[in-house]
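Notes to accompany the following structure.
Here, residue 1 is the first one in the sequence, and each next residue gets the next number.
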Amino acid sequence: MKDIRALLAQEAPLVFDGAAGTYFAARFGGSCELASLEQPEKVLQMHRAYLDAGCQAIKTNTFALGAMYQEGKEDLAHKAILAGCMLAREAAAPYGAYVFGDLGPVAALEDADPAAIYLAQAQLFLSQGITHFLLETLSSHQGVADFARQLKALCPSAFLLVSFGVQPDGYTREGLSASRLLAGMQACEGVDAAGFNCVCGPQHMLRQFQKLDPQGAVLSAMPNAGYPTVLGRRVVYRGQPDYFAQQGLALVRAGAKIIGGCCGTTPAYLSALRDRLAAEGLAPAHRT
């Protein structure tokens with residue numbers, strides 16, 4: 001497998017997978033993170049569906065497990081992280097895909113240091129041979145610098161991607177602007193790439209990218225499929241794969257070196273995106 005920094009130095013972007021939580025719930029029902037322990041074959045099916053769609057990187061099925069540390073469920077979180085690592089690596093190996101340890105946000109409480117919770121999870125990922133990390137859907141940079149420094153002390157070659165949830169108006173729910181957050185990550189030693197995920201559909205995320213001055217930064221974009229609609233007891237996303245692929249190409253043209261999807265994006269969305277990139281000479285054709 002090519003070193004990820006060398007791959008990102010090339011013209012073609014890295015194509016990430018899409019949403020785990022919304023896809024798993026729609027296809028199988030229930031919450032996905034603990035399924036790594038209770039229904040591992042379904043988690044493998046989810047990973048393989050994205051890989052068959054042409055994704056070159058997948059996330060471990062661990063997004064919400066950091067919150068368990070604050071709920072006093074550390075032992076269960078540890079087991080689910082280790083199982084998630086094993087399943088993601090098993091799925092990715094035949095495809096030569098990258099595996100990213102997925103770290104979701106944790107609350108910044110008086111008795112809880114976000115960096116410490118991120119690091120506790122990262123140590124488990126490292127113990128399983130995973131050295132690429134995605135810290136995603138953040139609304140502030142609290143804890144990021146400390147975590148990045150400690151991670152690189154443990155594993156100097158680790159690759160850290162930090163992604164923020166920025167609303168259509170260009171601000172997170174904590175009132176921080178997209179440009180300010182990006183500038184902070186560019187100045188943060190130990191952060192290799194930064195960008196945005198969730199909250200926005202592809203068009204609004206594109207507008208955010210068009211306002212940025214990346215100055216050589218490695219940027220990522222993982223928009224939602226669109227915006228949610230509640231139908232009875234179900235939450236559905238009305239976006240279409242072809243439109244998502246069109247906007248994804250525009251995000252790459254606007255500077256995204258890492259491109260993927262978040263809530264509502266199924267393998268069909270990522271397959272359409274990969275095909276659109278391939279048609280523009282920005283990705284090799286993929287096997288199906």
Side-chain angles (χ1 to χ4, degrees), residues 3-20 50 54-60 63 97-105 131-141 144 147-148 151 158-167 170 172 176-188 190-225 244-245 247-263 265 269-270 273-274 276-277 282-283:
D3 179 85
I4 194 166
R5 293 172 178 85
L7 183 143
L8 291 170
Q10 299 176 354
E11 182 181 4
L14 174 70
V15 179
F16 236 93
D17 60 3
Y50 281 116
C55 297
Q56 300 159 287
I58 61 172
K59 303 179 286 286
T60 56
F63 172 77
Y98 299 93
V99 174
F100 276 68
D102 192 13
L103 302 164
T131 59
H132 303 101
F133 296 86
L134 169 61
L135 185 54
E136 64 168 327
T137 327
L138 303 186
S139 57
S140 81
H141 48 64
V144 174
F147 170 59
L151 174 63
F159 185 92
L160 177 59
L161 165 58
V162 180
S163 185
F164 297 93
V166 177
Q167 300 175 99
T172 71
L176 300 176
S177 71
S179 57
R180 176 182 173 185
L181 289 167
L182 178 61
M185 292 303 97
Q186 288 178 278
C188 185
V191 173
D192 298 283
F196 311 117
N197 77 288
C198 204
V199 185
C200 279
Q203 184 180 51
H204 283 120
M205 192 167 289
L206 176 60
R207 290 179 185 174
Q208 298 304 327
F209 262 70
Q210 291 169 337
K211 297 174 184 177
L212 297 175
D213 181 14
Q215 297 181 352
V218 177
L219 299 180
S220 71
M222 301 182 192
N224 288 346
F244 182 87
Q247 297 298 303
L249 174 62
L251 280 161
V252 171
R253 298 291 194 203
K257 291 296 295 180
I258 300 172
I259 185 76
C262 204
C263 295
T265 54
Y269 286 77
L270 279 302
L273 173 61
R274 181 70 188 260
R276 179 62 65 94
L277 293 172
L282 292 171

Side chains of [X] and [Y]: closer than 4.5 Å at any heavy-atom pair?
| X | Y | result |
| --- | --- | --- |
| Asn224 | Thr265 | no |
| Leu161 | Phe133 | no |
| Pro223 | Leu251 | yes |
| Gln167 | His204 | no |
| Val99 | Ile58 | yes |
| Leu134 | Leu103 | no |
| Met185 | Val144 | yes |
| Asp192 | Val218 | no |

Spacing of [atom1] belonging to [X] relative to [atom2] belonging to [Y], to within rounding of 0.5 Å:
| X | Y | atom1 | atom2 | answer |
| --- | --- | --- | --- | --- |
| Leu8 | Ser220 | CG | OG | 10.0 Å |
| Leu181 | Cys188 | CG | SG | 12.0 Å |
| Gln10 | Leu282 | CD | CG | 12.0 Å |
| Leu212 | Arg207 | CG | CZ | 14.5 Å |
| Phe147 | Leu135 | CZ | CG | 6.0 Å |
| Arg274 | Cys55 | CZ | SG | 8.0 Å |

Check [X] against [Y] and note the closest heavy-atom contact, atom names and distance.
| X | Y | answer |
| --- | --- | --- |
| Pro13 | Gln56 | O-OE1, 3.5 Å |
| Arg5 | Ala158 | NH2-O, 2.8 Å |
| Ala19 | Tyr50 | O-OH, 2.5 Å |
| Cys262 | Asn197 | SG-ND2, 3.5 Å |
| Gly261 | Phe244 | CA-CZ, 3.9 Å |
| Pro202 | Ala225 | CD-O, 4.0 Å |

Arg180 atom CZ, neighbour heavy-atom count above 12 within 6.0 Å: no
Lys257 side chain vs Glu11 backbone, donor-acceptor pair below 3.5 Å: yes
Are the side chain of Ser163 and the backbone of Glu136 linked by a donor-acceptor contact shorter than 3.5 Å? no
Go through the steps for Leu14 and Ile259 under the test side-chain contact (heavy atoms from CB on, under 4.5 Å), then give the verdict. CA-CA 6 Å; Leu14 174 70; Ile259 185 76; over 6 Å; no
Where do His141 and Val162 land on the side-chain contact (heavy atoms from CB on, under 4.5 Å) test, with the steps shown first? CA-CA 9 Å; His141 48 64; Val162 180; over 6 Å; no
Step through it carefully: locate the ring centre of Phe164, locate the ring centre of Phe196, and say whether they are under 6.0 Å apart. no
Looking at the rings of Phe100 and Phe16, which for Trp means the six-membered one, are their centres under 6.0 Å apart? yes
Can you list the steps and then say if Val166 with Val199 is a side-chain contact (heavy atoms from CB on, under 4.5 Å)? CA-CA 6 Å; Val166 177; Val199 185; over 6 Å; no
Determine whether the side chains of Thr60 and Asp102 contain a donor N or O and an acceptor N or O closer than 3.5 Å. no
Chi angles and distances behind the side-chain contact (heavy atoms from CB on, under 4.5 Å) call for Leu219, Leu182: CA-CA 9 Å; Leu219 299 180; Leu182 178 61; 3.5 Å; yes
